[in-house]
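Inspection log for the structure reproduced underneath, given as structure tokens.
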Amino acid sequence: MLENFIYIFDMLGTIAFAISGVLVATRLRMDPFGITVLAGVTAIGGGTLRDMMMGSTPVFWIMDNTYIYVILLTALLSVLWLHRIHRFPAYLLPTLDAFGLAIFTIIGAQKALSFGFSGPVAIVMGCVTGVVGGMIRDILSGQIPYILQKEIYATASILGAILYVICGFLELGSIFSMVIAILGTLSLRLSAIYWHLSLPVFSDGR
Amino acid sequence: MLENFIYIFDMLGTIAFAISGVLVATRLRMDPFGITVLAGVTAIGGGTLRDMMMGSTPVFWIMDNTYIYVILLTALLSVLWLHRIHRFPAYLLPTLDAFGLAIFTIIGAQKALSFGFSGPVAIVMGCVTGVVGGMIRDILSGQIPYILQKEIYATASILGAILYVICGFLELGSIFSMVIAILGTLSLRLSAIYWHLSLPVFSDGR
Amino acid sequence: MLENFIYIFDMLGTIAFAISGVLVATRLRMDPFGITVLAGVTAIGGGTLRDMMMGSTPVFWIMDNTYIYVILLTALLSVLWLHRIHRFPAYLLPTLDAFGLAIFTIIGAQKALSFGFSGPVAIVMGCVTGVVGGMIRDILSGQIPYILQKEIYATASILGAILYVICGFLELGSIFSMVIAILGTLSLRLSAIYWHLSLPVFSDGR
């Protein structure tokens, strides 16, 4: 039950990040195979680093090829769809990225806790799982990674992970905790996107 | 016999990528040690990530220092040679990169299959082993990674890996399969370089 | 005794690199959480890659959360301090980076030798541990990584690691060897910064 629930969310996050990779790749006028590679890197980059750091190898998508097939199918369908649309709304990329961020953050934290690691480690692992895929996508495509922009991004991921760990500590039930935490990250990040929210920044005065 | 064959190809790929790293490093006017570092990153970056993802740690070059010595020697000789040439032909870098791409793709796929992983995983591992070293080289040096350019690159790697997996499935013999697949990737990539071939691209119309 | 000695140095390196991450992050006008993430990536990036390559997983900071707390505290205090200073001297970043480089290089080499790996591998691991954190920091922040600049950087790390391995070979005593090697890297790098020293470079004449 819980496993299925997590698995479904995992696939939704994979699809969201894969499409975000396709959107960036098409902007770069990459060919279908390059698009698929960027979609894949974005979708599994974070979880792959998490698994390598935790020593959970071979990493998740090697043990379960479903991820590869889902990414291939997502890339194929998005390319065909984009080919017909020819133009996509500006908010689509950050919104999909926000969904991937929210879901993967919680799944990363959940996996770390299930391995018996501490709360702080779970929070870091959640953040890694959530932000790294999009970070690689942005670096590869020469964009400024979202995480480096003033708008709330790492903050949304970290707060979601903290929320999940606290819910777990309070034994509020795994599924309930995941939904709460995902909604927390998602609503915070989406609000930041639409109302351009940001925390006060500290600069060296230059 | 097969082991020796693979090993020789592995060394050839290592040398090709190491020289490509030296070429980029000299362009950046790096000092001899910086040049050696970039040569090393390019030559072992892909295989290192592959081994970490597969859980084949310590990674290959830790267990067999020959790779380190080959990279050092290659860097030394290339630097001395470049010092005398003072100018190298423009097609040298992409050509060496193509050789590394072709050889490492097949070696990565071969290693994944030898670990008992599935065909799809072998194709991904081949692509990772082939493209990541050059990708890091290009990102570090502030160039646009080849894989992001319109010309056939990821495509050549993926098709070579698919070719190898199919040959293996048809039990055409390991060495024969490797040669076929390497020639496939190499000829496709070299043709793309010389005749500026590219697949149709999908853009969002901007 | 030796363990404590290494541990203290490790923490000093972690603090130095964490502050360097904060300095870069504030320059980018990131928010407190983004700053903490960049501080963390810079402080544990190199050791994390080293551990993943050596197969020493879960990586060090997962097993010992002290690193996470030290980074959080360092980030918090530096942000508050920077908030009051509003401007920091130009030599602060490269100097802190030099301390992190020197300490982490030796700690990386020491860990590799303690795992029974060869001298050449220890030198590579030292270099990886020393340079990768700062490299990720610079790539993420869109700066040219120090390692790619003409001034002695990789050179200082490599020579420090070689010095440490030689001292170990001569059985000069672990602590003595570490101090010698750290001072070697530090003095070479600091001299390069202040007197703009660089090795002769090889260019392709362009």
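These numbers come from the heavy atoms of this one structure, side chains and all, not from hydrogens, waters or symmetry mates. Chain letters run A, B, ... following the sequence lines, proteins first, then strands; residues in each count from 1.
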Exercise. Taking only heavy atoms into account, what residues of residues 122-133 of chain A are found under 4.5 Å from chain C?
Worked result: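 Contacts with chain C: Val124(A), Met125(A), Cys127(A).
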Problem set entry | Under 4.5 Å from a heavy atom of chain A, the part of Ile68(C) involved |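 Side chain of Ile68(C) only, per the 4.5 Å heavy-atom cut-off to chain A.
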Problem set entry | Nearest-0.5 Å distance, OG1 of residue Thr57(C) to CE of residue Met53(A) |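 The CE atom of Met53(A) is 11.0 Å from OG1 of Thr57(C), to the nearest 0.5 Å.
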For this session: Find the distance between OG1 (Thr155(A)) and CG (Asp31(C)) and round it off to the nearest 0.5 Å.
Result: 3.5 Å
Problem set entry | When Asp51(C), Ile62(C), Leu72(C) are compared by non-hydrogen pairs under 4.5 Å with chain A, the top option | Ile62(C)
Problem set entry | Neighbours of chain A found in residues 37-48 of chain C - heavy atoms under 4.5 Å | Val37(C), Thr48(C)
Neighbour count above 12 (heavy atom, 6.0 Å) for [X] [atom1]:
{"X": "Tyr7(A)", "atom1": "OH", "value": "yes"}
{"X": "Phe5(C)", "atom1": "CZ", "value": "yes"}
{"X": "Phe99(A)", "atom1": "CZ", "value": "no"}

Which heavy-atom pair separates [X] from [Y] by the least distance, and what is that distance?
{"X": "Trp61(C)", "Y": "Val121(A)", "answer": "O-CG2, 4.3 Å"}
{"X": "Phe117(A)", "Y": "Pro58(C)", "answer": "CZ-CG, 3.6 Å"}
{"X": "Pro120(A)", "Y": "Tyr69(C)", "answer": "CG-OH, 3.3 Å"}

For this session: Quick one: which residue pairs count as a ring pair (Phe, Tyr, Trp, His ring centres under 6.0 Å) with a foot in residues 162-190 of chain A, not counting sequence neighbours?
Result: none
Exercise. For Ile147(A), is it the side chain, the backbone, both, or neither that has a heavy atom closer than 4.5 Å to a heavy atom of chain C?
Worked result: both
Problem set entry | Contacts of Phe60(A) that satisfy ring-ring contact (aromatic ring centres under 6.0 Å, His included) - sequence neighbours left out |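 If we apply the ring-ring contact (aromatic ring centres under 6.0 Å, His included) test to Phe60(A), skipping adjacent residues, the hits are Tyr67(A).
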